[in-house]
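Since we're looking at a predicted model, the values are computed, not measured.
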Amino acid sequence: MDFNVRKLATDAGIFFSRAVQFTEEKLGQAEKTELDTHFENLLSRADCTKNWTEKIYRQTEVLLQPNPGARIEEFLYEKLDRKVPPRPTNGEILGQFMLEAAKEFGPGTPYGSTLIKVGDCQRRLGGAEREFLQTSSISFLTPLHNFLEGDWRTISRERRLLENRRLDLDACKARLKKAKAAETKAAAVPDFQETRPRNYVLSASASALWNDELDKAEHELRVAQTEFDGQAEVTRLLLEGISSTHVNHLRCLCEFVEAQAMYYSQCHKYMLELQRELGSCSGDIRCPDSLDVNSHPARSPTDRSAFLPLNSASPLETDALQIEEVQPPASGTRKAKVLYDYDAADSSELSLWADELITVYTVPGMDSDWLIGERGNQKGKVPVTYLELLS
């Protein structure tokens, strides 16, 4: 018990000494040992790596699991050192609901059979998402987490030890400086005409005491300097290891990109297969052209090229019709409401203004993405996707 009390008192004294030294440095009343420029750059690089790694890790978690409740649940399982129970993806749940709905509506009905096809596709999409989440977690999230919880904690601990060694070193320097000043003052030659012999003896004793104090301060400074240099070298080696961390994270990032590319490729493959299956629907059940992901990629409504098939030439190159010679059919004309403004690209097209009503019809041999539009005595080709057919 006595040993523990002494150790506690010693630790308290060291802590108080460091606190005093730190406070005096902040107030500008004490000198501070500065680290070399290279070391400071290593510290700055390490802090930057930690900060951005933490941000990337957190945002990747959000990307892979947008549900905050699920993330909290996974965090609790991790802290309890327990395996996270398997959780179906949203695509798998949606697919299961569609398949169950198809059983209720009847798999032989057009709606039920389509639900089966779409539901099966959603289940496959959900399976691809599950595989992507597992691969990304192992190849990308885990290395980042290991750095933050392992390597960075070691670096932080050694940096705190280095800071303590530096405070001890600066405190020893301050004590040595004070001891030298006191020793110089005590060693000053007394005035024998005005000083009694007894005072001279006291002055000599004080000088001897300060000499001993000076020797002790010099010894403590050498020990503190040695400990500081050793700790600085250990910390430097850890900080230089950040370069290896960057190389490792680069490899993990490439693996994450590969997993993400494979996931999207699988999704695209499944959607193309689903599109072909739905496109084979016959009778009155027909999928709208807007589902054709190859012919109509997502673009701005004002982009005229958004409504042209990717593998086809422009209407000017394929449509040999002469607009002036086109006559409306005896029957089949319809009214259409213009959804967006449209500027004609040439004289064969008709400019449109949003919310106006025009008459439209089609003629044999014309591209299905275009109609003939009439406004009074004006006539020209208009894109179907800019129109809402009313009757």
Side-chain angles (χ1 to χ4, degrees), residues 1-47 50 151-242:
M1 182 63 182
D2 182 53
F3 171 79
N4 292 336
V5 172
R6 290 180 179 178
K7 184 176 183 302
L8 180 62
T10 301
D11 292 342
I14 294 175
F15 175 81
F16 179 75
S17 175
R18 291 171 179 170
V20 171
Q21 178 66 27
F22 182 80
T23 303
E24 290 180 348
E25 288 177 358
K26 291 298 182 181
L27 297 176
Q29 299 175 358
E31 296 181 359
K32 177 181 177 180
T33 299
E34 299 293 343
L35 302 171
D36 59 82
T37 304
H38 176 63
F39 201 98
E40 291 289 353
N41 292 336
L42 291 177
L43 290 175
S44 177
R45 188 186 187 200
D47 289 334
K50 183 262 181 182
D151 296 348
W152 181 253
R153 288 195 174 186
T154 301
I155 292 175
S156 299
R157 181 175 63 251
E158 297 301 327
R159 287 177 64 176
R160 288 193 296 269
L161 289 176
L162 178 63
E163 180 66 10
N164 290 337
R165 295 290 182 264
R166 186 195 63 76
L167 290 173
D168 294 342
L169 175 63
D170 290 339
C172 289
K173 290 180 178 179
R175 285 196 294 270
L176 178 62
K177 185 176 181 180
K178 292 179 181 179
K180 285 183 177 181
E183 190 270 343
T184 302
K185 182 178 180 180
V189 179
D191 187 352
F192 291 101
Q193 295 180 353
E194 298 181 0
T195 305
R196 298 179 181 179
R198 181 171 177 273
N199 291 341
Y200 175 75
V201 172
L202 292 176
S203 178
S205 299
S207 178
L209 290 175
W210 281 114
N211 284 334
D212 294 340
E213 186 68 22
L214 181 61
D215 293 339
K216 181 180 178 181
E218 290 176 344
H219 174 72
E220 291 178 350
L221 178 61
R222 286 192 296 270
V223 173
Q225 185 69 56
T226 301
E227 292 178 348
F228 173 78
D229 293 340
Q231 186 60 40
E233 184 62 24
V234 171
T235 307
R236 184 191 301 273
L237 292 176
L238 290 174
L239 294 176
E240 290 175 347
I242 292 294

Derivation and outcome, side chain to side chain contact (heavy atoms under 4.5 Å, CB included), residues His219 and Arg222: CA-CA 5 Å; His219 174 72; Arg222 286 192 296 270; 3.8 Å; yes

Heavy-atom donor-acceptor pair, Glu158 side chain to Gln231 backbone, under 3.5 Å: no

Verdict with supporting geometry, Val234 and Leu161, side chain to side chain contact (heavy atoms under 4.5 Å, CB included): CA-CA 10 Å; Val234 171; Leu161 289 176; over 6 Å; no

Distance (rounded to the nearest 0.5 Å) between Phe39 CZ and Leu239 CG: 5.5 Å

Distance-only donor-acceptor check, side chains Lys173 and Thr33, under 3.5 Å: yes

Inter- and intrachain pairs under salt bridge (charged side-chain N to carboxylate O under 4.0 Å, His left out), touching residues 34-43, at least two apart: Asp36-Arg236

Gap separating the OG1 atom of Thr235 from the CZ atom of Arg157, nearest 0.5 angstrom: 10.5 Å

Minimum-distance pair of heavy atoms, taken over all atoms of Ile242 and Ala46: CG1-CB, 4.2 Å

Carboxylate-amine/guanidinium proximity below 4.0 Å for Arg166 and Glu163: yes

Derivation of the side chain to side chain contact (heavy atoms under 4.5 Å, CB included) call for Leu176 and Glu218: CA-CA 6 Å; Leu176 178 62; Glu218 290 176 344; 3.3 Å; yes

Qualifying residue, where the test is side-chain hydrogen bond (donor to acceptor under 3.5 Å, both in side chains) with Arg159 and the options are Asn164, Asp47, Thr154: Asp47

Approximate separation, where rounding is to 0.5 Å, of Arg175 CZ and Leu221 CG: 9.5 Å

Identified side-chain contact (heavy atoms from CB on, under 4.5 Å) partner of Leu43 from the options Ile155, Leu162, Leu35: Leu35

